Amino acid sequence: MLEITRIRAEKDILIEGLKKRGVDFSPQLNEITALDESWRAKKSEMESVQSESNKISKEIGKLMGAGKIEEANAAKEQTAQFKLKEQTLKDEVSKLEEQIQELLYDIPNVPQNIVPAGKSEDDNEIVEEVGQKVQFSGTPLPHWELAKKYDIIDFELGVKVTGAGFPFYKGKGAKLQRALINFFLMEADKAGYTEYIPPLMVNEASGIGTGQLPDKEGQMYHATKDNLFLIPTSEVPLTNIYRDVILPGEDFSIKMTGYTPNFRREAGSYGSDVRGLNRLHQFDKVELVRIEHPDNSEKALEEMVNHVKGLLEKLGLQYRILRLCGGDLGFTSAITYDFEVFSAAQEKWLEVSSVSLFETFQANRLKLRFRNANKKTQLCHTLNGSALALPRILAALLENYQTPEGIEIPEVLEKYLNFKIIN
RNA sequence: GGAGAAAUGGCAGAGCGGUUGAAUGCACUGGUCUUGAAAACCAGCAUACCGAGAGGUAUCGGGGGUUCGAAUCCCUCUUUCUCCGCCA
């Protein structure tokens, strides 16, 4: 959520920045500033009425204390005139507040300067491409066929027991999955991230805190009886640890990591994109979350990007980094780098990580602040990134490491496994 | 799931209808004293919004109500604790 003070101060700059998302938000922002102005007027009117009636109430208190009952009763009658006025003003003020709030919820974060303008993924900017395309002697199989051939992932069984998009991992497939989780967590640990095992369900306040609610309500599984939501990413519980928190000073850098399964309804996505492991309703991911001083967030973003690069290089995967254009940028993000690995068998790039800086957008909703040198509270910057999402990494590993003898295992994973080949 | 008790500032803990944004203690910050430290003493120390400022308004778990006036009374929700039941 954008800060209202920022909208007051630099509306035109924000409108200009938001244009990179391919949408003109000037009607909304103009409406907000107009509503804000009448809100301020009404509010100060309401407060002066409140002030008056508070004064009289205090007087009554004094009179009662002094035993002057009759005078007190006379004063009581005075307050009647304020009653109605106060109530009307209160209603008006809170209605205006609601309207402003609603509009604010619908305005996405402003892209940073270096974010390219654009409408869709076609406008994303390729920042870097690393590694070579794998050469195969024959025709490589896609991962869903390999999964069947070696009996390591069972999609049909998932359909039977739960539904599409909920596969079973089996035998060496399950172990490889576990090894990857371990590897990612240990790498995060080495980089100084504190590991958490968070709850897999969150309440409504947490959903609002990180921006899933109300914008993306349909994306989450909702346990209506208890009004809890299955997490779409561990970003939600991890970041919400710091909801309504004021950090005591300027000297902080909070680095968290967590492995969780993630649950996404993915309503409306069908076709070849969802084949095999490409898109699932439940998938595993190791997430990095950082809370940083605004002066330090750019550096943190760079560190996270480098961390993810390191992981992909250790796994020996060909990858590229994209700077997402305005139109493809997530609602809450100011800048996002997507990592894609090349699936040689599917002949396409698969997104495996997304590293984002939210600046104060998320912190504003979370009310996550720190106390600056002037003893004032100031919003923190938040960041997160996947390091990494498992299914597509698994897909790429299976496809790119296939040989006539079986699927080889990258060396870095060997210490987490008791086999060196899937055959 | 059933019965009871409770929720107050960073922490502990008063207040149970009137001048209380909230006693007191601890913690913290600044000062005096000291060669330095400790101790002692003095001062400061919640958040948000409106306002150029003076100042004002709101907030004592959340929401609603009674009242001229609510931290204090009522309703409701949530959470915690104790006891009983069930259980990995």
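As the structure is a computational prediction, the values presented were derived from the model and not from experiment.
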Salt bridge flag under 4.0 Å for residues R40(A) and D36(A): yes

Measure from NZ or CZ of K172(A) to the centre of the six-membered ring of F419(A) and say whether it is under 6.0 Å with the direction within 45° of the ring axis. yes

Atom-to-atom span, CG of L89(A) to P of rA58(B) - whole angstrom: 14 Å

Give the rounded distance in Å between these two atoms: CG of D36(A) and C1' of rC50(B). 11 Å

What's the closest nucleotide to the side chain of K62(A) if the choices are rU47(B), rG51(B), rU19(B)? rU19(B)

Just by distance, with hydrogens left out, do Q212(A) and Q219(A) show a side-chain donor and acceptor under 3.5 Å apart? no

Heavy-atom protein contacts under 4.0 Å, nucleotides 61-74 of chain B, coded B base, S sugar-phosphate only, - none: -------BS-----

Which nucleotide in the set rG56(B), rA48(B), rG51(B) lies at the smallest distance from any side-chain heavy atom of E47(A)? rG56(B)

Between R40(A) and rC49(B), is there a side-chain N or O to OP1/OP2 distance below 4.0 Å? no

Let me spell it out: for each of R369(A) and S51(A), pick the nucleotide of RNA chain B with the closest heavy atom. Which residue's pick is nearer the 5' end? R369(A)

From CD of E97(A) over to P of rC49(B), roughly how many Å is that when rounded to an integer? 12 Å

Side chain of Q50(A) only, please: which of rA58(B), rU47(B), rG56(B) is the nearest? rA58(B)

Which class fits the ring pair H222(A) and F229(A): parallel under 30°, tilted 30 to 60°, perpendicular over 60°? parallel

Rounded to whole Å, NZ of K375(A) lies from C1' of rG30(B) at a distance of 9 Å

Does the distance from a Lys or Arg side-chain N to an Asp or Glu carboxylate O, for E292(A) and K299(A), drop under 4.0 Å? no

Quick check on rC45(B): is either OP1 or OP2 less than 4.0 Å from any side-chain nitrogen or oxygen of R371(A)? no

Between atom CG of L200(A) and atom CG of L228(A), what is the distance when rounded to the nearest 0.5 Å? 11.5 Å

